[in-house]
Amino acid sequence: MKNSVSDKNLFIESEDEDDELDGCEVEEGPKEEAGSDGSDSSSDESDEGPRGSRPSSYTNQWPQSYRQSIDMFTGVTPPTISFLGTPSLSRFSSSFLTSSFGGKHTPDIISSILKPLLPTTSDDQQQQQQHSQEEIKSSQSILIPTPSRKSSLSVIPEDKRVDAHGMPMSHQSSFTQGVLNGVNVLCGVGLLSAPYAIKQGGWLGIILLFLFGTLAFYTGILLRKCLDSEEGLETYPDIGQAAFGTYGRIAISIILYMELYACCVEYIILESDNLSSLFPNIHLNIAGFHLNSHIFFAILTTLIVLPTTWFRDLSVLSYISAGGVIASVLVVGCLFWAGLIDHVGFESKNDTILNISGMPIAIGLYGYCYSGHAVFPNIYSSLKNKSHFPAILLTSFLVCTGLFAGAATIGYMMFGETSASQFTLNLPNNLVVSKIGIWTTVCFPLITYALTLTPMALSFEELITSNRQKSHLYAIAIRSTLTISTLCVALSVPFFGLVMALVGSLFTMLVTFIFPCACFLSIVRGKITWLQGSICTLIIAVGLASAGIGTSSSLAQIIQNLS
C-alpha cells in the first residue's frame, strides 16, 4: 500500500522556524534533516524495507499528525493543574490550521483559541501576507509541522521546550499526571457495559477481565521496550514502522483510526439511548418521515457536536476532557449509591455462574475495557522520568480494573438478567443520583467527540494536495463528512453492546494484544529469552482466538438483529 501523496506534500521543512529555535542552525532539506541527529541519511527506498533498513527519522511518513493529535488525550499540564493537559495542537496544523498561526508567536496562538474554524477576513488578509513571503514562511501553511522531530528540537534543552501555549512541550509529565492520563484513556464508556458483560458470560466470565488486564499490562511494557529499542520512536505507528517498515506503519495507523471512528459511533448510540430513556415521548414528523426518540436524539447529538469539530484549537475541550477520571468515578459512585443507599434492585436471583453461549460477546466487552494502548507510547514519551512508566501503568490498570470489576459486580447484583447494555438505562429516572449519573454520561461524550474524531480527520487532511491546503472549506468538508457518516452508521447499527463487543473483539485485540507482541518479536529479534518469546506467542494466540470468536459472534448477532 502506497501513500497517495508524495513525501514533499506530506512533509515540508521550515527553515525559518528551525533557525529561530534557540538560535540553532539546522541543515536544510528533508534528507539532510533525517540525518541531522548524527545518523546517516537514508534513501526513500529504505522506508519500504524491513527493520534492518529503517529510516533515521519517523516523522516524515504518514500519519505525521499522530503524535500531536493523540497528545490531546495526554499532553503536559500546567504546573498548577494535576489533570490531563492540552495538546500541542496549535503548534501543528491541518488544512484548517493554516498560516493564521504565526509559528511560535504565542499571542497569535492564544488568540486563535477563541476562533472557530470558519475563515474570517482577518485570516484571509493574514494568509495573503504570508503567501507573499512564501520563501520565508513556507512552513506556516504546511499540513503538519512536527515539533517533536529531532532535526529542529534535539538542540534545545528538554526543560526549555515549550508548546504553542508556553507550557513544557514534552518530557515534563509527573508520576501523578501520568497516572491520571493512563486512567483517563482506559476508563471510557466500557464502564457502562460492565454489568452487561457479566450477564452475557456469567459470574465466572469476570475472570476474563482480570486475565485481559494482566496481559494488557504486559503488552504495555512491551511497547515501552519497543520505544527504547531505537532513537526517535515516540508513537505506536513509529513502532509499527520500526518493526515492519512503512507498510507496518500504515496498517497499524489505519487500525488505530478505525478504532477511534468506532468510538465516535458508540458516542452517538450512547447519546441516543440515554436521552431517549429520559424523554421517551419525544418524536418528530418531517415531510412524511416519522422520527422516533432514538433517531431524533441521534440527529440532535450530531448537530450539537458537528460545530465543535470545526474549531481551530481544541485545547479548551482537552482541558475539560481531563475530567474523564472524575466522570468515571462519579458515574460508578452513582451506581453504588443507587444500589447500597437507595436500595435499587437486589431482588432478582442472580445465579448464572457460566453462560457459554454469551461468552463470545463477553470477550469483546471485557477486551474493550483495555483499549488504551494507542495512547501509551505518547504517555511514555511525555514522562519526565521514564523509569516511572511501569509503576504508572500498573497503578492505572489497578484503578481501572477496580472500577470495572466494581461496576460489573454491583450492577449485575442490582439488575441481574435485566441488565441493559448501559447500566444508566437501568437506573430509575425518579432518583436524584440517577439523574446525576445519566446526565454525566450524556454530557461527557458531547465534549470528547471532537477530540476523538480529530486524529482521524487530520490524517485525511494530510492527504490533501498542497494547493488545496489553504482552504478552510476542505477541512470543514472532511470533518463534517466523518461526523455525518458516524451518524449513519449509528442509525444503521443502533446496538451499543454488540458494537462495543465487535470493537473489543476485533480492534482492541489487535491493538492491545497482537500488535505489541508481534512488533516486539520483530524489533528485538534474536535478543529475547525463550520465556519472553513463549509469552508473546501465547498472548498472540489468545488475541487471535478471542478476535476470531468474538468478532464472528458479534457480527452474527448484529446481522440477526437487523434482519
Side-chain angles (χ1 to χ4, degrees), residues 69 72 89 94-97 113-120 188-189 192 257 260-321 323-324 327 421-422 424-425 435 438-458 460-461 471-496 499-500:
S69 59
M72 287 185 292
L89 179 59
S94 61
S95 59
F96 73 95
L97 288 174
I113 295 177
L114 303 177
K115 296 180 182 179
L117 177 62
L118 297 175
T120 62
V189 295
L192 302 178
Y257 289 136
L260 290 175
Y261 182 84
C263 289
C264 291
V265 173
E266 284 282 77
Y267 288 156
I268 300 294
I269 301 175
L270 181 149
E271 296 293 309
S272 174
D273 288 346
N274 283 275
L275 288 173
S276 61
S277 71
L278 291 173
F279 309 102
N281 297 324
I282 290 184
H283 62 276
L284 189 64
N285 291 311
I286 301 179
F289 293 96
H290 176 73
L291 304 180
N292 60 31
S293 60
H294 280 83
I295 299 177
F296 173 79
F297 284 115
I299 296 175
L300 179 62
T301 298
T302 304
L303 294 177
I304 292 174
V305 301
L306 181 59
T308 66
T309 65
W310 300 342
F311 289 156
R312 287 181 182 275
D313 193 309
L314 300 178
S315 59
V316 175
L317 295 183
S318 180
Y319 273 111
I320 298 174
S321 75
S421 61
Q422 306 151 62
T424 51
L425 301 179
K435 294 183 183 297
I438 294 173
W439 280 108
T440 301
T441 302
V442 166
C443 293
F444 200 72
L446 297 178
I447 299 170
T448 57
Y449 182 95
L451 296 176
T452 306
L453 185 77
T454 295
M456 181 172 44
L458 290 175
F460 279 110
E461 290 163 27
S471 173
H472 298 304
L473 295 179
Y474 286 99
I476 293 177
I478 290 174
R479 291 158 186 266
S480 299
T481 301
L482 287 173
T483 303
I484 294 173
S485 68
T486 61
L487 170 64
C488 295
V489 175
L491 292 177
S492 302
V493 192
F495 314 119
F496 184 85
V499 172
M500 178 177 290

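- The side-chain hydrogen bond (donor to acceptor under 3.5 Å, both in side chains) test applied to Asn285 returns His290, not counting sequence neighbours.
- Phe279 contributes atom CZ, which lies 6.0 Å from atom CZ of Phe297 (distance to the nearest 0.5 angstrom).
- Atom CG of Leu425 sits about 5.5 Å away from atom OG of Ser277, to the nearest 0.5 Å.
- Taking CG of Leu300 as the reference point, atom CD1 of Ile295 lies at 13.5 Å (rounded to 0.5 Å).
- No hydrogens or angles considered: nothing links the side chains of Tyr449 and Thr301 as a donor-acceptor pair under 3.5 Å.
- With sequence neighbours excluded, the residues satisfying side-chain hydrogen bond (donor to acceptor under 3.5 Å, both in side chains) with Tyr261 are Ser485.
- For the side chain to side chain contact (heavy atoms under 4.5 Å, CB included) test, residues two or more places apart in sequence or in another chain that qualify with Ser480 are Leu306, Trp310, Ile476.
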Considering only distance and modelled atom types, tabulate donor-acceptor pairs under 3.5 Å from the side chains of residues 489-496, sequence neighbours left out.
| unit_1 | atom_1 | unit_2 | atom_2 | d |
| --- | --- | --- | --- | --- |
| Ser492 | OG | Cys488 | O | 2.7 |

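- Here the straight-line distance linking atom NE2 of His294 with atom CD1 of Ile269 works out to 10.5 Å at 0.5 Å rounding.
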Exercise. Evaluate side chain to side chain donor-acceptor pair (under 3.5 Å) for Thr424 paired with Asn274, printing each intermediate quantity in order.
Key: CA-CA 7 Å; Thr424 51; Asn274 283 275; 2.6 Å; yes
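- Annotation for Ala457 and Ile478: closest pair O-CG2, 4.2 Å, computed over non-hydrogen atoms.
- Annotation for Ala298 and Thr302: closest pair O-OG1, 2.9 Å, computed over non-hydrogen atoms.
- Residues passing the side-chain hydrogen bond (donor to acceptor under 3.5 Å, both in side chains) test with Glu271, sequence neighbours excluded: none.
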Exercise. Run the numbers on Trp439 and Leu278 for side-chain contact (heavy atoms from CB on, under 4.5 Å), then give the verdict.
Key: CA-CA 10 Å; Trp439 280 108; Leu278 291 173; 3.7 Å; yes
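- Of all non-hydrogen atoms in Asn292 and His283, the two that sit nearest each other are CA-CB, 4.3 Å.
- Distance check: Ile438 CD1 to Asp273 CG gives 12.0 Å after rounding to the nearest 0.5 Å.
- Of the inter-residue distances, the one linking Met456 atom CE with Leu482 atom CG reads 5.0 Å to the nearest 0.5 angstrom.
- Of the residues listed (Thr486, Leu270, Leu487), the one engaging Val265 in a side chain to side chain contact (heavy atoms under 4.5 Å, CB included) is Thr486, and it is the only one.
- Within the 3.5 Å criterion, the main-chain N or O of Ile268 finds no donor-acceptor partner in the side chain of Ser272.
- Under the side chain to side chain contact (heavy atoms under 4.5 Å, CB included) criterion, Cys263 pairs with Tyr368, Thr452, not counting sequence neighbours.
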